[in-house]
Structure formats: structure tokens, C-alpha cells
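Working notes, structure below.
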There are 2 protein chains.
Amino acid sequence: MTEVGVDRIFQALADQTRRDILGRAIQSGESVSVLSRHYEMSFAAVQKHVAVLERAALVTKERRGREQIVHTNRTTLRRAMTLLDAYEQLWIQRIDQITEILTITEGEPK
Amino acid sequence: MTEVGVDRIFQALADQTRRDILGRAIQSGESVSVLSRHYEMSFAAVQKHVAVLERAALVTKERRGREQIVHTNRTTLRRAMTLLDAYEQLWIQRIDQITEILTITEGEPK
DNA sequence: CTAATATACAACCATATGGTTGTAGGACGT
DNA sequence: ACGTCCTACAACCATATGGTTGTATATTAG
């Protein structure tokens, strides 16, 4: 995944409406128009939010008759979590190194 | 945590330079000027990136003489992970419900 | 066929973002 | 005391974002 891809994932998550859409779409796919009824904004605005989520691969659309059903892509969601976890791992590694240094120091005779 | 706070966390994460700063600062605190040497942009630009991370509570600054040491705030990082995990949990709940429904259906006599 | 529904997309607007340069102040070395 | 280093912040610019309204197209209902 390209860096701009990662940018898009977090960028897409940085909006309350879009996070709410993700939550609804992960429980059961909803059409864009059904989704839009939950928010106090125009249909076009919600459509744009879905487009942002889609560009980030956080949702996919499945056409059903005249409506588009929005589904959350759990794989991308997990990818975002994994990325954050990597930072924690960096930190844990540092702790391990420090521990190792301390162990060696303690173990070595003066 | 307020919703705008969550917005700020993900917003702050939606930039490669800022994610890199987080990675460096979690391993060992670096001053703003030392950080800025790693990137092909002005000191002021890096300073702004640090400010964005600070506003999102993803880093804190500790003054040491004339420099400011940037430290990653692991608590906020974990909070972001927890938020993402909540979406997964929503989905797992749905699966559990479906499983339960199926179990009841199977268990009930025709 | 016609009307209503669901979507797509363009044009527009205000504000935010990510970069720049420039100015100014506090801390350190000599 | 002086120059240098580190930081802070303002002003500016181009582009992106989040919203609007309006228009166009496809699908379904009757």
C-alpha cells in the first residue's frame, strides 16, 4: 500500500459523519439514500462522504437495482489498526533494547 | 473525549511526515530542530506538524534548555487503536447475533 | 408512457491545510 | 556583551475539504 493510501485511510477516518457511516455499514449494508436520512445534510454531502470512504477502500458499493449498498471493508479497517500497532511495537522494541543493555551491564563483572 | 478530539487524532495521523515524527519520537524524544533535519522542508513546516500532533495530544513537548524535546503520547495512540477496534466489535456483535438466531432456529422444533 | 426514486456529478463557496518567508525573543557558548 | 542556535508566530499562497444547489441519467412503480 502506498503512503498516500495510508494518508487517505486516516483522512477518511477524521470525520465524525464518516466514522458513523462506517459503523452503520459494518453492521448491515445500507444504501446511500437510507444512510443520508440519518444526517442533517444534503444527500449529495453524504454521497461525497461515501466517496471519500470508497477512495480510502474503507467501504465498497454494491449496486442493487437502483440503489447502491455500502459495505464496510474490514480488511482496510484492520490495516489501519495494524499501522498504529506498529508504533507501539517500535516503542516496545526500545524497551527490550534497554532491558537487554541493563542485563548485559548487570551480568558483566566490574 | 469529544468528537472533535477524535477528528484531530485521525487528522493528525493522515500525513506521512507526522507519522514519521511519531515513530521517531516514540523511540527516543528528539528536539524540533533535530527532527526537522530529517525532512526536506523548512523548520517552520516541521514545527507546524509538531503543533498538529500536539493539538491532537499525540505528542507532548518538554523544554530542555533552548530546545523542546518531542515525546510520543502512547496513551492517545492506544486510544486511536481502541476506537478502530470498536468498529470490529460492532461487526463481531452482529455475527454473534446471527449465530444466536441460527442456533435458536436450529434448536426449535419444526 | 409517466412519475417518482436513487444516484452521479458539476459548479460554487467558505474555511482548513501544508507549505513558504520573515521577524522576534529566549538560552547558550565564548 | 555578542553572536549563534532553537523556537514561536505572523503573513501569505495554492490547494484541499465539506458543505450547498442544480442538472442529468438510470431504475422502478403504476
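In what follows, chains carry the letters A, B, and so on, assigned in the order in which the sequence lines appear, proteins first and then strands, with residues in each chain numbered from 1.
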- Message: Take a 6.0 Å sphere around CZ of R78(A) and say whether it holds more than 12 heavy atoms from other residues, nucleotides or ligands.
- Response: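 Not buried by this count: 12 neighbours or fewer within 6.0 Å.
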- Message: Surrounding CZ of R63(A) (heavy atoms of other residues, nucleotides or ligands, distance under 6.0 Å), is the total greater than 12?
- Response: yes
Please pick, from [options], the nucleotide with the shortest atom-to-atom distance to any side-chain atom of [X].
| X | options | result |
| --- | --- | --- |
| R66(B) | dT7(D), dG29(C), dT7(C) | dG29(C) |
| Q11(A) | dC9(C), dT17(D), dA8(D) | dT17(D) |
| M41(A) | dT20(D), dG18(D), dA8(D) | dT20(D) |
| S42(B) | dG18(D), dT17(D), dT21(C) | dT21(C) |
| A45(B) | dT20(D), dG18(D), dT20(C) | dT20(C) |
| K48(A) | dG18(D), dT7(C), dT21(C) | dG18(D) |
| E67(A) | dC6(D), dT7(C), dT5(C) | dT7(C) |

Using whole Å, what does the distance between atom [atom2] of nucleotide [N] and atom [atom1] of [X] come to?
| X | N | atom1 | atom2 | answer |
| --- | --- | --- | --- | --- |
| R63(A) | dA26(D) | CZ | P | 10 Å |
| L53(B) | dG18(C) | CG | P | 10 Å |
| R18(B) | dA16(C) | CZ | C1' | 12 Å |
| R64(A) | dT28(D) | CZ | P | 12 Å |
| I69(A) | dT27(D) | CD1 | C1' | 14 Å |
| F10(B) | dT17(D) | CZ | C1' | 18 Å |
| D15(A) | dG19(D) | CG | C1' | 11 Å |
| E30(A) | dA6(C) | CD | P | 13 Å |

- Only one of L83(A), L84(A), D7(A) forms a side-chain contact (heavy atoms from CB on, under 4.5 Å) with R19(B), so which one is it?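 Among the candidates, only D7(A) passes.
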- Please check the phosphate of dT7(C) (OP1 and OP2 only) for any side-chain N or O of S33(A) closer than 4.0 Å.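 Checking dT7(C) against S33(A), a side-chain N or O does come within under 4.0 Å of OP1 or OP2.
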- Q68(A) side chain near dA8(C) phosphate (N/O to OP1/OP2, under 4.0 Å):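 It does, given that an N or O in the side chain of Q68(A) lies less than 4.0 Å from OP1 or OP2 of dA8(C).
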- Which sits closer to the 5' end of DNA chain D, F43(A) or V34(B), going by the nucleotide each is nearest to?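 That would be V34(B).
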May I ask you to say what [X] touches in the nucleic acid, namely base, sugar-phosphate or nothing, with a heavy-atom cut-off under 4.0 Å?
| X | answer |
| --- | --- |
| S31(B) | sugar-phosphate |
| A44(A) | base |
| R37(B) | sugar-phosphate |

- With the threshold set at 4.0 Å, does a side-chain nitrogen-carboxylate oxygen contact exist between D20(A) and R24(A)? yes
- Item | Backbone N/O of Q68(A) and side chain of S31(A): donor-acceptor pair under 3.5 Å | no
- Message: I'd like to check E30(A) versus H38(A) (side-chain heavy atoms, cut-off strictly below 4.5 Å). Are they in contact?
- Response: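 When only atoms from C-beta onward are counted, H38(A) and E30(A) do touch, with a gap below 4.5 Å.
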